[in-house]
Protein chains: 2
Amino acid sequence: MRRPTIADIARRAGVSSAAVSFALNGRPGVSEHTRQRILAAADALGWQPNTAARALSAKRAGAVGLAVARPARTLGVEPFFMQLISGIQAELSERANALLFHLVEDVEAEIGLYRRWWAERRVDGVLVVDPRSADPRPAALRSLGMPAVLAGGPDPEGILPGVWIDDARAMARIVTHLRELGHQRVAHVSGPSGLLHTERRSAAFQAATRRGATGTAPTAVTTDFSETEGARATRSLLAAADHPTAIVYDNDVMAVAGMSAARQAGVAVPADVSIVAWEDSTLCRVTHPTLTTLSRDPSRFGATAAGRLLDLLDGEPPTDVEFDVPELIVRESTAPPPA
Amino acid sequence: MRRPTIADIARRAGVSSAAVSFALNGRPGVSEHTRQRILAAADALGWQPNTAARALSAKRAGAVGLAVARPARTLGVEPFFMQLISGIQAELSERANALLFHLVEDVEAEIGLYRRWWAERRVDGVLVVDPRSADPRPAALRSLGMPAVLAGGPDPEGILPGVWIDDARAMARIVTHLRELGHQRVAHVSGPSGLLHTERRSAAFQAATRRGATGTAPTAVTTDFSETEGARATRSLLAAADHPTAIVYDNDVMAVAGMSAARQAGVAVPADVSIVAWEDSTLCRVTHPTLTTLSRDPSRFGATAAGRLLDLLDGEPPTDVEFDVPELIVRESTAPPPA
DNA sequence: CTGTTAGCGCATTCAG
DNA sequence: CTGAATGCGCTAACAG
């Protein structure tokens with residue numbers, strides 16, 4: 001039993017294949033009556049367009065790519081990506097596109113993959129995540145002529161359109177919460193300096209704490225996002241006599257590790273030190289105390305980014321989208337500083 | 001600047017397009033000399049096959065699908081899937097295939113997606129994960145005539161070839177470790193009963209504990225894999241006067257939640273109760289005490305499953321593959337029971 | 001051993 | 001408004 005083709009529908013409806021194509025794609029050229037007859041025939045045969053044939057003819061793959069250059073280990077522990085993907089897919093499915101997902105070693109490999117995808121016409125465009133400083137990807141994509149949207153920040157070079165969350169105001173919101181509790185000495189354990197969003201947060205942290213500073217310099221430590229460095233950063237911050245009474249971590253994993261490190265060092269949370277995690281996740285709710293976190297909506301974020309890319313493919317002009325400030329979910333890990 | 005086609009290569013090398021096709025695909029029909037000339041021309045032009053054209057002609061998409069019916073929340077927190085995917089991709093890339101990845105609501109939606117993928121010729125086959133009891137997917141795939149490999153267990157109905165890990169012996173290994181430490185009363189907090197691998201583990205647990213039982217019946221609790229139920233199960237297990245001195249959890253999240261619950265109930269880990277998690281992850285190393293876990297290699301598992309699927313597509317006969325027993329990584333959460 | 005030719009399934013010209 | 005004809009880029013018959 002062969003899969004039905006347009007020719008089959010045409011035969012069944014007693015019209016030409018061109019008429020079928022017109023009817024199926026909802027464009028003028030057939031009377032409303034025959035259109036209905038054709039649609040009924042297609043439905044009766046359970047017809048679905050053959051992606052390859054359509055792609056070949058339309059010169060459009062009907063698929064977009066997402067390559068991620070992060071260790072699988074790191075990715076797995078962060079719910080962020082799965083939710084991001086979930087949102088991306090909701091939008092893509094809606095508009096009959098598929099997602100090619102690929103884990104890569106580094107940015108170079110990522111560019112190589114783009115090159116291949118594009119040469120093979122596997123995808124019509126890509127979603128680029130984790131923008132970096134001196135990022136080679138936008139320029140590479142431009143030279144390929146490959147449509148793309150940058151998810152995670154505005155493109156500093158202005159090559160790719162971007163979709164991002166206002167990190168600066170999010171950080172300000174966290175710092176405000178801590179200030180209102182009475183904290184004077186706040187520290188920031190950030191991610192690696194190569195990532196743009198990390199740098200935006202660090203800059204915002206500097207600005208926010210400097211603004212309300214009462215004499216004690218704020219402290220910032222850079223890490224690789226791992227639990228190991230999160231714990232080490234915490235130990236070194238708490239070792240000082242005048243140690244901070246609140247610490248903001250750039251992700252959930254480090255916040256959890258930091259809390260454990262604090263406890264081991266005999267520092268109570270939140271009695272002696274308050275803790276805030278940038279990302280919300282299951283991890284933040286199974287700990288004791290539960291963590292105060294910044295809760296974004298990665299799913300909506302992904303859907304928007306995917307939507308922008310499809311718009312771009314449909315010929316709409318590239319535009320940036322900035323999201324509203326995420327919510328701060330106050331749980332048990334933040335409290336007034338010790339008297 | 002148009003993308004080069006086979007016709008361009010043929011023109012450049014002064015041969016026919018068929019000769020080019022033969023040369024490119026490494027099959028007989030051209031002399032070694034012309035083959036080299038053709039390859040050089042293709043290389044000079046930077047030619048890459050157009051996936052759509054190839055798929056249309058070869059009647060093969062050059063892509064396989066992976067649909068996962070789990071909440072994004074659950075997926076995200078488990079490193080398992082990302083590593084699985086990483087392994088799948090390594091194998092697929094090796095053999096010039098792409099991966100279509102999709103999150104779905106439930107098994108019904110998953111079947112719907114298979115139907116669509118197959119009708120559209122989006123993929124050549126699928127990797128099915130999380131086999132269930134009374135699973136409708138194997139039969140649905142057979143009725144579609146869609147090639148598939150079941151990753152996570154042998155197919156009880158024998159429809160699909162499977163790739164899996166020996167859960168029974170893995171559980172035996174865990175129980176043996178606890179017995180050697182001197183534990184008599186061991187409990188098992190398992191996942192939902194609908195999942196095949198969960199049921200295999202539960203059965204193995206029953207068998208292993210019954211075998212060495214000294215009078216006290218083993219205890220088992222069924223959960224939905226969530227931290228909430230993991231914690232609740234722990235509380236109810238520890239509430240009994242004669243509570244177990246060791247608990248085996250079916251995943252890392254529940255083990256961590258269970259440990260917190262135990263601590264809150266005034267039960268020390270590992271002094272009063274030992275804890276073992278089925279899956280290893282970062283989560284298991286940032287806790288205090290660190291968790292004793294069963295460590296599998298999801299990446300190799302994924303690569304094998306993908307390899308079997310591609311073999312199947314290449315016409316090889318379907319065969320099952322059972323993996324060796326995973327390792328038990330002994331950390332701080334297991335110790336002899338209280339005297 | 002080489003070159004010519006005819007599809008793969010769809011979209012889209014152009015006549016009728 | 002409809003139908004026949006053509007091309008998308010590649011593969012695989014077939015004949016030379």
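Order of the sequence lines sets the chain letters (A, B, ...), proteins ahead of strands, with each chain counted from 1. The analysis underlying the following values was restricted to heavy atoms, covering all of them including side chains, and did not include hydrogens, waters or symmetry mates.
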* Asked: Between the main-chain N or O of B/Gly65 and the side-chain N or O of B/Trp117, is there a donor-acceptor pair closer than 3.5 Å?
  -> no

* Examine D/dG9: is either OP1 or OP2 under 4.0 Å from a nitrogen or oxygen in the side chain of B/Thr5? Give yes or no. => no

* Identify which nucleotide among D/dA5, C/dG9, D/dG9 has an atom closest to any side-chain atom of B/Lys59, counting heavy atoms from C-beta outward. => C/dG9

* Angle of first-five versus last-five pair axes in the helix from C/dC1-D/dG16 to C/dG16-D/dC1, to 10 degrees -> 50°

* Exam field: side chain A/Ser57 to backbone A/Ala53, donor-acceptor pair closer than 3.5 Å -> no

* Could you tell me whether the side chain of B/Gln89 and the main chain of A/Leu103 form a donor-acceptor pair under 3.5 Å? => yes

* **A/Asp166 (side chain) donor-acceptor with A/Asp324 (main chain) under 3.5 angstrom** => no

* Whole-Å distance separating the CG atom of A/Leu24 from the C1' atom of C/dT12 -> 15 Å

* Rounded to whole angstroms, how far apart are CZ on B/Phe22 and P on D/dA12? -> 8 Å

* Whole-Å distance separating the CD atom of A/Glu32 from the P atom of D/dC1 -> 10 Å

* Pick base, sugar-phosphate or nothing for A/Ser21, based on heavy-atom distances below 4.0 Å to the nucleic acid. => base

* **Sorted by number, the residues of residues 50-58 of chain A with heavy-atom contact under 4.0 Å to DNA chain D** => A/Leu56, A/Ser57

* Nearest-Å distance for atom pair CZ/C1', residues B/Arg11 and C/dG3 -> 15 Å

* Grab the CD1-C1' distance between A/Ile6 and C/dG9 for me, whole Å please. => 8 Å

* Asked: If you look at every heavy atom in B/Gln83 and B/Pro298, which pair is closest and at what distance?
  -> CB-CB, 3.8 Å

* Asked: Would A/His102 and B/Leu99 satisfy side chain to side chain contact (heavy atoms under 4.5 Å, CB included), going step by step from the backbone distance to the final call?
  -> CA-CA 8 Å; A/His102 213 289; B/Leu99 177 72; over 6 Å; no

* Atom CZ of B/Arg60 to atom C1' of D/dC10: distance rounded to whole Å? -> 16 Å

* May I ask you to decide if A/Arg300's main-chain N or O and A/Thr304's side chain share a donor-acceptor pair within less than 3.5 Å? => yes

* To do: Check whether any side-chain N or O of B/Arg37 sits under 3.5 Å from a backbone N or O of B/Ala13 as a donor-acceptor pair, and report yes or no.
  => yes

* **Spacing between A/Arg122 atom CZ and D/dG9 atom C1', to the nearest angstrom** => 15 Å

* To do: Round to a whole Å and report the spacing from CH2 of B/Trp47 to C1' of D/dT11.
  => 11 Å

* To do: Using the closest heavy atom to pick a nucleotide of DNA chain D for each, name whichever of A/Arg37 or A/Ser17 lands nearer the 5' end.
  => A/Arg37

* Heavy-atom distance under 4.5 Å between the side chains of B/Asp155 and B/Val128, does that happen here? -> no

